[in-house]
Amino acid sequence: MKLGKAIVGNTRFLGQVRVCLVATSALALACGPLGGAANETSDSDEDSTWDARASAASAPADTALQRMAARLLPFMQESSGLPARSPLKLASRSRAELEAYLERQLAEDLPPATATALSRVYARFGLIPETLDISGLLRTLLLEQVVGYYDPERDTLYVIDSVPLTQVEAVLAHEIVHALQDQYVDLDSLMSSLKDRGDRATAARAALEGHATYAMLEWQWGQVTGSRVDLTQLPNLTEALGADPLALAGVEMPALRDAPRVIREGLLFPYLGGLGFVQSFWSRRGSRVTPLGDALPGSTEVIMHPERYWPTRDEPTDVFIDEDLPDGWTRVFSDGLGEHETLIFLEEFLLQQDQAKVAAAGWDGDRYALYDGPGGEVLLWVSVWDSDNESAEFVAAAREAFARRYSDTSGRDVIVSGQHSAGRPIVIVWDLAAGVSSAELEGALTVRLEGGE
C-alpha cells in the first residue's frame, strides 16, 4: 500500500496537516502482497533510483513518468471505479523540495500553539510523553515515509526523484487514485473543511486512503499473479496483513517504530482500517460505489465496523460543551477521540485487551475539553453510548484505565460517572488537578447532543 498526502496520517496531530491527505508513503508500499512480493529489491535496486527530473511538467508528453502513468491509468480507473474526467498532471520533486513543502504545510496547518495544545491533551490522557516535540516528530515521520504525493491545490501528482526504480509504478498507482478522487470531489476544500472536525476528518481520510490503497494493492497483486485480482473475493485484508505490516514486509522505519502508540497506530489506521472498510463495503454492496462526497463515512466507528455503514448508516452523535467559564478559567483545546482513539486509550492501560474492545464498541460520539484555571489543569471528557449496558461497560473500563494511568503519586483526582442527557446514556469523566473540584466548572458547562440515534 502507499501512504500519501491523501492521508499519510490519522492521528489528530497528522490529521491537522493537509499534506497527509494525498501522499504516498513507504508505509503503504509495505502493505504489498503479504510480505511485499511485488516490492522486493536487490542491493543494486536500492541504488538504482529513478532520475525523474526529465519528467517535469514542462517535459514532452512521452517522458518516462508520463508513459508509466498512461500504462497504469486504465487499470486504476477500473479498480477505483472512477473514470478520469481530465488529463493527469505529473511532475517530480527532489528530497529538498519535499522537505520545503512539508515545512510550509506544517507551519500552516499545525502552528506552535495548536501543536502545544494537542500535546497537552494527549499527555493528559497518558498517550504521549509531556516533553514530546510533536512538530519535530511529525516532520521526521513525514520525511521518513513520503515518497510521492498528490497536491490538490495544484492538481498535480508528484513523485520524489530518489524513489527506487522498482517502486515508482506502485507510487503512481496509489497517487493516480487520489488524482481521480480530486476530479470528483475537491480534496483541498474537503480536508480544509474537516481540519478541526476530529474523528469525522479521520474517517474521511481513512475512506480516501483506503480507496487508493485498495486499488494500488489490487494492481500489485495482479503483477505478482499475472492475472486480474478482485480483492472483494479474498478474506479480510486488514487481518491478513496484520497489525504490523512493516514487520511483515521487513521495512525499516525507525522513527515510526519509536513513536508513541497513538501516533504509530493513528498513522497505520487510514491504510489498514481504510483498506478493510473499502473491501467490506464493496463486497457487501456488490459494486464499486466510491465513498466520496455525501457518502464519506462520518466516524471511525463505521471504518472499524463497516457493517454499520451500509445498508444503514450509523451516524455519530455530535457532542457539544457550551461554556460560560468563571473568571480565571480558559479553554485550551476541544475535540473528540472517536471510537478508534478511545480504543487505543483503553488498550494502553487495561490488562485485558478484549475488555477494551467490548467497552469501546458501544461508542456513539464524544468530546473532550482541556481547561486552565487558578487551581491547574482540568480535562473534561463526555461520551455518548448506544445503550445503558454499553455505557456501564465503558464506565467500568474507564475507571480502571484512569486508575492505571495515574498509578503513581500524581495527585490527580478522576471522577467517572454514567448519566443521561436528552434521554441518551452518557459518561462524564473529570480529570482534575489536585485541590480542584468539579463543582468549580459544572455550573458553567452544559452538555448538548445533536444527531445520532
Side-chain angles (χ1 to χ4, degrees), residues 12 117-132 198 260-262 319 321 323 325-326 328-353 355-385 388-421 425-447:
R12 287 297 174 272
L118 282 166
S119 296
R120 289 180 58 186
V121 168
Y122 283 81
R124 181 51 52 217
F125 276 106
L127 297 174
I128 66 170
E130 293 184 4
T131 57
L132 184 65
R261 180 180 179 184
V262 69
V319 181
I321 302 174
E323 304 165 341
L325 296 175
W329 285 92
T330 59
R331 174 165 51 84
V332 177
F333 196 78
S334 182
D335 201 339
L337 292 187
E339 182 176 339
H340 181 239
E341 289 186 340
T342 297
L343 175 61
I344 291 175
F345 167 71
L346 294 176
E347 286 183 334
E348 188 74 14
F349 295 105
L350 295 181
L351 296 179
Q352 300 296 325
Q353 300 296 281
Q355 179 190 5
K357 290 182 172 60
V358 169
W363 178 96
D364 196 58
D366 79 289
R367 177 160 292 275
Y368 61 74
L370 184 70
Y371 300 99
D372 273 338
E377 190 177 71
V378 170
L379 175 69
L380 172 63
W381 185 21
V382 182
S383 52
V384 190
W385 299 86
D388 287 333
N389 285 340
E390 286 163 317
S391 171
E393 288 172 343
F394 179 71
V395 166
R399 284 174 177 165
E400 181 179 342
F402 275 103
R404 293 186 179 281
R405 186 263 181 272
Y406 291 122
S407 58
D408 58 10
T409 56
S410 63
R412 303 286 300 186
D413 184 18
V414 178
I415 304 169
V416 182
S417 62
Q419 303 181 25
H420 286 83
S421 177
I426 66 172
V427 176
I428 295 181
V429 177
W430 288 98
D431 181 347
L432 303 157
V436 177
S437 169
S438 61
E440 294 185 39
L441 288 174
E442 283 177 329
L445 304 175
T446 303
V447 174

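Keep in mind it's a predicted model, so treat the numbers as computed, not measured.
Taking all atoms of both residues into account, the shortest heavy-atom contact from Val395 to Ser417 is CG2-C, 4.3 Å. Pairing each heavy atom of Ala123 with each of Glu130, the nearest pair is CB-CG, 3.7 Å. Minimum interatomic distance between Pro374 and Gly328 (heavy atoms only, all atoms of both residues): CD-O, 3.6 Å. Of all non-hydrogen atoms in Ala401 and Leu346, the two that sit nearest each other are CB-CD2, 4.1 Å. In plain terms, the two heavy atoms of Val416 and Val427 that are nearest each other are CG1-CG1, 3.9 Å. Across all non-hydrogen atoms, the minimal contact from Leu432 to Ser438 is CD1-N, 3.8 Å.
No side-chain N or O of Trp381 forms a donor-acceptor pair with one of Ser383 less than 3.5 Å apart.
Counting only distance, with no hydrogens or angles, the side chain of Arg405 and the backbone of Arg124 share a donor-acceptor pair below 3.5 Å. No side-chain donor-acceptor contact under 3.5 Å links Asp366 to the backbone of Gly336. With hydrogens and angles ignored, the 3.5 Å screen pairs no side-chain donor or acceptor of Gln419 with any backbone N or O of Ile426. Looking at Ser334, its side chain does come within 3.5 Å of a backbone N or O of Tyr368 through a donor-acceptor pair. With hydrogens and angles disregarded, a donor-acceptor distance shorter than 3.5 Å links the side chain of Arg367 to the backbone of Val319. Checking side-chain atoms of Asp431 against main-chain N and O of Leu379 turns up no donor-acceptor pair under 3.5 Å.
At least one side-chain heavy atom of Asp388 sits less than 4.5 Å from a side-chain heavy atom of His420. Under the 4.5 Å side-chain criterion, counting only non-hydrogen atoms from C-beta, Leu127 is not in contact with Arg261. Between Leu380 and Trp430, some side-chain heavy-atom pair lies under the 4.5 Å cut-off. Between Glu393 and Trp385 the shortest side-chain heavy-atom distance does not fall below 4.5 Å. Between Phe394 and Thr342 there is a side-chain heavy-atom pair separated by less than 4.5 Å. Side-chain contact between Leu445 and Leu325: present, with at least one pair of heavy atoms (C-beta onward) separated by less than 4.5 Å. Contact annotation: the side chain of Val429 approaches that of Val414 to within less than 4.5 Å [non-hydrogen atoms, C-beta and beyond].
Other residues, nucleotides and ligands place no more than 12 heavy atoms under 6.0 Å from the CD atom of Gln352.
Here the CG-CD distance, from Leu351 to Glu400, works out to 6.0 Å after rounding to the nearest 0.5 Å. Residue Leu343 holds its CG atom at 11.0 Å from CD of Glu348, rounded to the nearest 0.5 Å. Here Tyr371 contributes atom OH and Trp329 contributes atom CH2; the two are 10.0 Å apart, rounded to the nearest 0.5 Å. With values rounded to the nearest 0.5 angstrom, Leu118 atom CG is found 4.0 Å from Phe333 atom CZ. Going from atom CD1 of Ile128 over to atom OH of Tyr122 covers 9.0 Å, rounded to the nearest 0.5 Å.
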Review point. Yes or no on ring pair (Phe, Tyr, Trp, His ring centres under 6.0 Å) for Phe402 and Phe345, after CA distance, side-chain angles and deciding distance?
Key: CA-CA 9 Å; Phe402 275 103; Phe345 167 71; 4.9 Å; yes
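Taking 4.0 Å as the cut-off between side-chain N and carboxylate O, Glu347 and Lys357 count as a salt-bridged pair.
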